[in-house]
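Since the structure comes first, as C-alpha cells, the remarks are kept for the end.
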Amino acid sequence: MDAFNQEVLVHRTRFASDETGWAVLDALDEDGERVVLVGPIVHLEERERARVVGTWVDDSRYGLQVKVSEARPLPPSDVETLVGYLRRVKYVGVKRALTLIERYGTDGILDAIDQDPERAFAAAGLRASRVAEAVASWQELRVSRRLHLLLAPHGLAYLVKRIQSEYGPGAHRVVSERPYELTSVFGVGFLVADRIAGAVGVDDEDARGLAGALHVLAEAERGGSTCVPREALRQRLGTLLGREVDAAFLDELVANGDLIGEEQWLYRPQTAALEAELAERVSDLVRTGPVRSRLRAPNEQAMRSAVEGAQLTEEQRQGVGNALRHRLSLITGGPGTGKTASIRTIAALARSQGASVILAAPTGRAAIRMSEASGVAARTVHAALGWVPGEGPTHDEDDPLATDLLIVDETSMANLELLVTLLRAVAARTHVVLVGDADQLAPVGAGKPFAELVESGRVPTTRLTHIFRQAAGSMIVQGAHAVRRGNAPDFRPAPGMRRDLFLAQQPDPHAALAEIVSLVSDRLPRYYEVDPVRDIQVFAPVYRGELGIDAINAALRDALNPDGEPVRGGRLRIGDKLMMTGRNLHELGLMNGTLLRLVDEVSGNEDSEALVLASEEAVFRLPPEEADRLRLAYACSVHRGQGIELPVAVIVAHPAAGAFFLRREMLYTAMTRAKLATVLVGMREVVARAAQVPDTGRRHSRLAERLGFHGTEQAPVKATEVS
C-alpha cells in the first residue's frame with residue numbers, strides 16, 4: 001500500500017492502552033479529510049498536531065487505516081491547542097491559559113514557562129500558595145511529554161509512568177543519557193534498555209555489559225538459581241551482547257562490587273547477601289538454645305492427651321519431639337503421611353504448656369486450609385509479619401514476632417527471599433517448625449531452601465513416609481506416591497479404593513480441548529456440586545500450541561464468561577478468573593500467584609482509576625498501569641499454581657501440550673492440588689513418561705554448602721526416616 005507522511009490534527013481517541021502503548025485515533029489530514037491512525041501512538045492527545053509516518057492498510061473489518069510507524073507531536077502553535085495543553089496544569093483553567101498566551105505569545109509561551117514557571121504562573125493570577133503545586137504539575141507534564149517523545153516511536157510508551165515514578169523530574173535525562181540504568185525498573189529488561197539505547201544513540205559498552213550480566217543472573221533467578229558458574233555466565237553474556245566477553249571484564253565487575261564472586265560462582269549482590277544471611281540465621285537457630293523457653297520435650301502420655309483420639313506414628317512422635325526440643329526443625333512428607341496431624345499435635349502440646357503459637361503459610365488458600373485442618377487460626381506469612389503496603393514487614397530483627405512457637409506449612413513454596421524475611425522476625429525465645437513436601441515442584445523465584453535444608457542434614461528433620469488408612473484409600477494419594485517413586489499411576493480402582501483419579505484419553509488435540517471445556521464447564525461442576533471457576537483448576541505444561549495454556553484459557557473463558565464486559569481494550573472481561581504474575585506488589589498486599597476475580601473497573605480522573613479484584617481473603621484496587629501483570633487463570637502452569645489446593649484439578653498430559661516438558665515433579669505436584677478429584681486429559685503414555693523422567697534442570701544454589709554440607713560427610717543431625 002501507499003506510504004503516509006503528513007501533519008495531522010488528532011480529533012478523537014477511540015482506544016488507548018497504557019500497558020502496550022497501542023491506540024486507535026481519529027484524525028484530520030492536511031486536506032481536512034478524516035483518517036484513522038493505528039499503532040504505538042498512545043502519547044498523542046486530542047486537539048494535538050503531529051507529524052505521522054506510516055503505511056495505508058485495508059483492514060478487512062475496519063476499512064482503510066494508517067498503520068503508524070512514527071508519530072512526533074508538534075509544538076502547540078494555535079490558541080485552541082495551547083489552551084487545551086495548558087489546562088492540564090493544576091489550577092490553570094481557560095481564563096489563566098489565555099492570560100499566559102496573551103503575555104508570552106503563541107510562539108514562545110512553552111519556552112517562557114520552562115525558563116521560569118514560578119514567575120509565569122504567578123503572572124497568570126495564581127495565589128502564592130498554589131504556584132508551587134502548579135510548577136510541580138507543569139514539570140510532571142513536561143517530563144511525561146518528553147518521555148513519550150523518546151519512547152513512543154519505539155512502542156515503549158507503556159513504560160512512561162513506571163520510569164517517571166522511579167526517577168521523577170530527571171526521568172527523561174536517564175532515558176536519553178543513561179538508558180541501561182532503566183533495568184532497575186520492573187518491566188525494563190536488558191533487551192528493552194538496549195532498544196532504547198540504540199534509539200537515542202547511547203554507545204556505552206561498559207554499561208551495556210554490566211546490564212547484560214545482571215540480566216543473565218536475573219534470568220537465572222527466575223529459573224530458580226541463586227548464582228551462575230562464572231564460565232557459563234561469560235558464555236551467555238557473550239551470546240546476549242553479540243561479542244566475545246573477556247574473563248577480565250567479569251573480574252572488573254566483581255572488583256567494583258557490581259557482581260559478587262565466590263569461588264567459581266557469580267551472584268547479583270542482593271541475592272548473595274540473602275543466601276549468606278539465610279545460612280547464618282539457620283546456623284544460629286540450630287546452634288543456640290531458646291531464651292526462657294516455655295516449651296518442654298513431651299512424654300508419651302502428654303502426646304496422647306494433647307489431641308484427643310490422636311494416634312501418632314513413631315515418625316510423627318519424632319517430629320513432635322524435635323519441634324519442642326530444638327529451635328528449628330523440619331517435617332517433610334508426601335500426601336496422606338500425617339503432616340497436618342503433626343502440626344495439630346505440636347500446636348496443642350505447646351498450648352497445653354502455656355506457650356503462644358502462630359501458624360502461617362505462604363498463600364491465603366494454604367492458610368485457610370491450615371486453619372480448617374488444625375483448629376487453630378492461621379495467617380499468611382505476610383499477614384503474620386504485619387506487612388504494610390508500600391513499607392514492608394513491621395516484624396523483623398528489631399520487632400520480632402511475639403510467640404513461643406512458629407509453625408509454617410507449605411514451606412516448600414517459600415523461595416529464598418520469603419524465608420529470609422520470615423526468619424528475620426524470629427525472637428530469641430521462639431521455636432520454628434517448617435513443614436512441607438521436599439519432593440514437590442521448586443518454588444517460584446530464586447532458591448529451593450526447604451528442600452536444600454532437608455538435604456543438608458544440618459537441621460533436625462523428620463521424613464514422614466507412612467500413608468494413613470484414610471488417605472491410603474484415595475487413588476490420588478496412591479497415584480501421587482507412585483509418581484514420586486518414578487512409576488505411572490494406576491487409574492483402575494482397587495477394591496475399597498475411593499475413585500478420585502481419572503484418565504480421559506483423547507488422542508486428537510481438538511477433541512481433547514473440547515473434553516476439557518466440557519469437564520470444567522459442565523460435567524465436573526454438576527457431579528461434584530462445585531463452582532466451575534472457583535473450585536476447578538486446569539494445569540498445563542506450556543503456554544503455546546493447540547492445548548497450551550493460552551488456548552485453554554480462551555476456550556474456557558468463552559464457555560464460562562462469554563458475556564463479561566470487556567475492559568482494558570478487551571484483553572480482560574468483568575468476571576474473569578485471573579492470576580497475579582511478575583513481582584509481588586507488597587504495597588497492595590498482592591502476591592505473585594494469587595488467584596483473583598475481576599469484579600469491576602473504576603473510571604474517572606487519573607487518580608481514581610482502578611481495577612477492582614477479589615480473592616478469597618480480600619478485595620484489591622489495582623492501578624491501571626499494573627494491569628499487564630494480570631493473566632487469565634482458568635488454566636495455568638503448575639509452577640504458578642503450586643500454592644493452589646481446591647476441590648478439583650484437571651491436568652493436561654497430551655503430545656500437543658508440550659509433553660516433553662511434563663516431568664515427575666510437575667505431575668506429582670499437580671496431582672496433589674485436588675481434594676475431591678484429579679482428572680488427567682491426554683494419553684496414558686505421556687503420563688507414564690512424565691512419571692519416569694525427573695526434572696534435570698538444575699537450580700544452582702550454595703545454601704547447603706554455606707551450612708557446611710558438601711554431599712559426602714555424615715550429617716551431624718541424622719534425619720528420622722522410617723520406612
Side-chain angles (χ1 to χ4, degrees), residues 17-22 39-43 68-70 147-167 171-225 227-228 232-246 249-250 253 258-259 266-271 444-446 542-544 550 571 581-583 592 625-631 637 639 697:
S17 170
D18 287 331
E19 297 94 62
T20 63
W22 195 263
I41 51 176
V42 72
H43 57 296
V68 179
S69 58
E70 182 180 344
L147 285 174
H148 273 113
L149 288 172
L150 287 167
L151 299 174
H154 313 288
L156 301 173
Y158 66 95
L159 295 171
V160 167
K161 287 187 178 180
R162 294 180 197 163
I163 294 172
Q164 191 167 359
S165 174
E166 179 76 12
Y167 293 104
H172 61 290
R173 287 191 294 274
V174 174
V175 172
S176 59
E177 299 169 11
R178 307 187 305 277
Y180 290 106
E181 285 188 21
L182 298 176
T183 53
S184 64
V185 181
F186 178 77
V188 183
F190 171 80
L191 298 178
V192 171
D194 213 30
R195 282 173 58 196
I196 295 172
V200 299
V202 170
D203 184 12
D204 186 338
E205 277 301 313
D206 286 344
R208 185 171 185 257
L210 171 58
L214 293 173
H215 171 81
V216 171
L217 288 169
E219 287 295 299
E221 289 180 20
R222 275 189 277 274
S225 293
C227 53
V228 172
L233 175 58
R234 190 182 71 82
Q235 292 179 6
R236 292 180 202 172
L237 180 57
T239 300
L240 181 69
L241 300 180
R243 62 177 174 82
E244 185 73 19
V245 174
D246 294 333
F249 177 71
L250 297 181
L253 294 181
D258 297 315
L259 304 181
L266 292 176
Y267 292 81
R268 291 198 309 153
Q270 56 268 49
T271 307
V444 175
V542 296
Y543 283 87
R544 305 301 179 198
D550 293 340
R571 188 173 73 85
T581 64
R583 67 181 176 94
N592 180 26
E625 62 266 24
E626 303 290 357
D628 58 335
R629 304 183 198 276
L630 298 171
R631 295 287 181 270
S637 69
H639 280 92

Q. So do Val202 and Glu177 actually touch side chain to side chain, heavy atoms under 4.5 Å?
A. no
Q) So, are Glu219 and Arg236 salt-bridged, with charged N and O less than 4.0 Å apart? A) no
Q) Quick one: do Glu244 and Arg234 make a salt bridge, cutoff under 4.0 Å? A) yes
Q | Side-chain touch Leu233/Leu259, heavy atoms, less than 4.5 angstrom | A | yes
(Q) Which residue in the set Leu214, Leu266, Leu210 passes side-chain contact (heavy atoms from CB on, under 4.5 Å) when paired with Leu253? (A) Leu210
Q. Do Ser176 side-chain atoms and His172 backbone N/O form a donor-acceptor pair below 3.5 Å?
A. yes
Q. Arg631: what forms a side-chain hydrogen bond (donor to acceptor under 3.5 Å, both in side chains) with it, not counting sequence neighbours?
A. none
Q: Flag the pair Leu217 / Thr271 as yes when at least one side-chain heavy-atom distance between them is below 4.5 Å, and no otherwise.
A: no
Q. So, does Asp204 use its side chain to make a donor-acceptor pair with the main chain of Ala207 at under 3.5 Å?
A. yes
Q: Work out which heavy atom in Leu237 is nearest to a heavy atom in Gly212; give both atom names and the distance.
A: CD1-C, 3.4 Å
Q. Any side-chain heavy-atom pair from Leu241 and Phe190 closer than 4.5 angstrom?
A. yes
Q. Do Tyr180 and Ile196 come close enough that some side-chain heavy atom pair is under 4.5 Å?
A. no
Q: State, yes or no, whether a side-chain contact exists between His215 and Thr183 at a heavy-atom distance under 4.5 Å.
A: no
Q) Given side chains that start at C-beta, do those of Leu240 and Val216 come closer than 4.5 Å, heavy atoms only? A) yes
Q: Step through the shown structure and confirm whether more than 12 heavy atoms of other residues, nucleotides or ligands are within 6.0 Å of CZ on Arg544.
A: no
Q) What are the two closest heavy atoms between Arg208 and Asp194, and how far apart are they? A) NE-OD1, 2.9 Å
Q | Pairwise side-chain contact, Val174 with Ile163, heavy-atom cut-off 4.5 Å (strictly under) | A | no
Q: Evaluate the criterion side-chain contact (heavy atoms from CB on, under 4.5 Å) for residue pair Tyr167 and Arg173; output intermediate values, then yes/no.
A: CA-CA 9 Å; Tyr167 293 104; Arg173 287 191 294 274; over 6 Å; no
